[in-house]
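What follows is a short report on a single structure.
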Amino acid sequence: IQVYDSQFNLINSFGQKGKELGQLQYPKGIAIDKKGDIFVADSWNHRIQKFDSKGSPLLVFGSCGDGKGELNEPWDILIDASGILIVVERYNHRIQFFDGGGNSLGWVGQRGTTLEENLANLFETPLNLLAPPAFEFPTSIASDSCGNYFVTDSGNHRIRKFNKKWQEILTFGDQGDQPGKFQYPLSISIAPNDLLYIADLNNNRIQIFAQEGNFLDEWTQFGRLSGIFIDANDMLYGADSESNDSRNPGWRRGLRVGSARTGEVRHFIPDPDRNPGRGTTAAEGVAVDVYGNIYGAEVGPRALKKYVR
């Protein structure tokens with residue numbers, strides 16, 4: 001974690017490439033619990049790591065596999081009101097649940113594509129013979145004020161909505177660049193008014209939707225986002241780790257902070273690498289704690305950064 005003051009001057013840092021405790025390989029999603037402890041999806045190490053607020057490792061769990069308690073490229077983490085960790089596994093195409101000690105409580109989901117679903121509809125396959133829910137490379141999860149869950153089913157270019165019992169109640173979106181369509185929706189966050197903000201990665205935009213999946217607006221001023229977070233004060237934090245001359249030309253990588261109400265970008269934390277090339281360097285995952293400190297998971301440097309306001 002790197003710590004920045006209100007002028008974004010670097011104060012402290014931890015994390016480096018590796019497989020040992022406290023080391024990271026392509027960190028993605030970040031979640032912060034009520035104590036201020038930090039959970040990181042250590043994606044290419046196929047595990048979750050827990051750190052205290054100073055960056056000391058406290059817990060690690062998970063290993064590569066598809067069994068109970070095993071993980072395959074965990075991509076995002078959500079902590080629910082009861083303290084359960086909900087982990088999105090990109091390559092296991094499922095959502096797995098863990099208690100605070102890292103013990104698996106089971107999972108929902110398996111791999112499935114829209115093509116298979118369309119064929120099932122064509123041949124009028126009874127719903128009770130299908131195995132819901134089916135995902136294709138899910139990458140992000142968020143919950144609304146009613147306890148419903150929204151998952152970016154990225155490989156299927158759509159959003160899935162589930163109730164508290166993980167029964168599917170809505171699916172919207174398909175592949176395309178028109179309003180309401182997606183090209184790999186990578187991250188989702190929900191504002192205090194329950195509007196959905198979705199980082200539509202390959203369309204270089206944020207799309208905003210109502211709870212029922214109705215398209216409301218699209219913004220491009222936050223860049224090509226791989227991570228998005230909205231805090232209780234309607235501040236939007238967008239992580240752009242991929243913009244370059246071929247993907248979103250004219251944009252600098254970094255974290256942009258602005259209003260989720262108006263779309264005004266108010267602050268920019270540039271990628272520390274002045275010559276990032278074509279790979280991924282800047283923060284890809286982003287989260288904010290109750291004190292307004294910003295945490296960025298950097299895929300290229302295999303590190304976490306903390307920005308103090």
Side-chain angles (χ1 to χ4, degrees), residues 26 28-29 43 73 75-76 88-91 93 95 109 111-118 133-142 150-161 170-191 195-210 212-230 236-256 258 260 263 265 276-286 297 299-300:
Y26 278 68
K28 299 286 187 177
S43 186
E73 204 163 302
W75 202 273
D76 198 16
V88 180
E89 295 184 66
R90 184 169 180 261
Y91 271 98
H93 312 280
I95 313 295
R111 188 170 190 177
T113 67
T114 53
L115 174 61
E116 293 165 333
E117 293 177 1
N118 291 337
F135 301 107
E136 179 79 350
F137 303 114
T139 53
S140 183
I141 185 170
F150 293 80
V151 177
T152 55
D153 189 6
S154 298
N156 285 319
H157 311 283
R158 65 185 180 180
I159 306 301
R160 316 285 292 280
K161 180 180 181 180
L170 177 68
T171 294
F172 64 92
D174 56 16
Q175 188 170 14
D177 57 9
Q178 299 90 355
K181 295 189 175 185
F182 302 102
Q183 293 278 10
Y184 214 79
L186 198 62
S187 185
I188 184 170
S189 189
I190 300 178
L195 293 184
L196 316 178
Y197 291 71
I198 299 163
D200 185 11
L201 179 70
N202 288 337
N203 283 325
N204 300 326
R205 66 187 178 186
I206 295 171
Q207 292 200 69
I208 306 171
F209 293 85
E212 300 76 22
N214 301 317
F215 170 81
L216 300 176
D217 203 354
E218 65 177 21
W219 294 344
T220 60
Q221 63 269 33
F222 285 85
R224 177 186 171 89
L225 298 188
S226 53
I228 188 170
F229 186 94
I230 299 173
L236 188 154
Y237 304 80
D240 180 351
S241 66
E242 294 193 353
S243 284
N244 57 31
D245 291 340
S246 61
R247 297 180 300 196
N248 208 25
W251 288 82
R252 286 189 65 189
R253 298 175 179 178
L255 285 165
R256 291 179 175 86
V265 178
R278 295 184 180 274
T280 297
T281 56
E284 185 159 318
V286 62
V299 172

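Any value given below was found using the heavy atoms of this structure, including those in side chains, with hydrogens, waters and symmetry copies removed.
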Worksheet item: Between Arg158 and Asp153, does at least one N-O distance fall below 4.0 Å, as a salt bridge requires?
Response: yes
Identify the two heavy atoms, one from [X] and one from [Y], that lie closest to each other, and give their separation to 0.1 Å.
{"X": "Gln183", "Y": "Gly176", "result": "CG-O, 3.5 Å"}
{"X": "Ala239", "Y": "Ala283", "result": "CB-O, 3.2 Å"}
{"X": "Trp75", "Y": "Ser43", "result": "CE3-OG, 4.2 Å"}
{"X": "Phe135", "Y": "Asn156", "result": "C-ND2, 4.1 Å"}
{"X": "Thr139", "Y": "Ser154", "result": "OG1-OG, 2.6 Å"}

Worksheet item: Is the closest side-chain heavy-atom distance between Thr220 and Asn204 below 4.5 Å?
Response: no
Worksheet item: Is the shortest heavy-atom distance from the side chain of Leu195 to the side chain of Leu216 under 4.5 Å?
Response: yes
So, does [X] use its side chain to make a donor-acceptor pair with the main chain of [Y] at under 3.5 Å?
{"X": "His93", "Y": "Glu136", "value": "no"}
{"X": "Gln207", "Y": "Gly180", "value": "yes"}
{"X": "Arg160", "Y": "Ala134", "value": "yes"}
{"X": "Asp217", "Y": "Ile208", "value": "no"}

Worksheet item: Hey, which of Arg224, Arg253, Arg256 is the one that makes salt bridge (charged side-chain N to carboxylate O under 4.0 Å, His left out) with Asp240?
Response: Arg256
Response to the item:
Residues pairing under salt bridge (Lys or Arg N to Asp or Glu O under 4.0 Å) where one sits in residues 177-186, two or more places apart or in two chains, turn out to be Asp174-Lys181
Could you grab the distance from atom [atom1] of [X] to atom [atom2] of [Y], nearest 0.5 Å is fine?
{"X": "Trp251", "Y": "Gln221", "atom1": "CH2", "atom2": "CD", "result": "7.0 Å"}
{"X": "Lys28", "Y": "Leu186", "atom1": "NZ", "atom2": "CG", "result": "7.5 Å"}
{"X": "Ile188", "Y": "Leu196", "atom1": "CD1", "atom2": "CG", "result": "5.0 Å"}
{"X": "Glu73", "Y": "Tyr91", "atom1": "CD", "atom2": "OH", "result": "5.5 Å"}
{"X": "Ser226", "Y": "Glu242", "atom1": "OG", "atom2": "CD", "result": "6.0 Å"}
{"X": "Leu225", "Y": "Asn203", "atom1": "CG", "atom2": "CG", "result": "12.5 Å"}

Practice prompt. Might you work through the side-chain contact (heavy atoms from CB on, under 4.5 Å) test for Asn202 and Phe182, ending with a clear yes or no?
Written response: CA-CA 8 Å; Asn202 288 337; Phe182 302 102; over 6 Å; no
Discussion item. Could you work out, with side-chain contact (heavy atoms from CB on, under 4.5 Å) as the rule, every residue matching Ala260, not counting sequence neighbours?
Written reply: Tyr197, Ile230, Asp234, Leu236
Worksheet entry | Contacts of Ser187 that satisfy side-chain contact (heavy atoms from CB on, under 4.5 Å) - sequence neighbours left out | Ser140, Ala199, Ile228
Worksheet entry | Partners passing salt bridge (charged side-chain N to carboxylate O under 4.0 Å, His left out) against Arg205 (at least two apart in sequence or in another chain) | Asp200, Glu218
Worksheet item: Using the ring of each side chain (for Trp, its six-membered ring), is Phe209 parallel, tilted or perpendicular to Phe172, with breaks at 30° and 60°?
Response: tilted
Item to complete: Using the test ring-ring contact (aromatic ring centres under 6.0 Å, His included), find all partners of Phe150 that sit at least two apart in sequence or belong to another chain.
Response: none
Response to the item:
Residues passing the side-chain hydrogen bond (donor to acceptor under 3.5 Å, both in side chains) test with Tyr184, sequence neighbours excluded, are Arg90
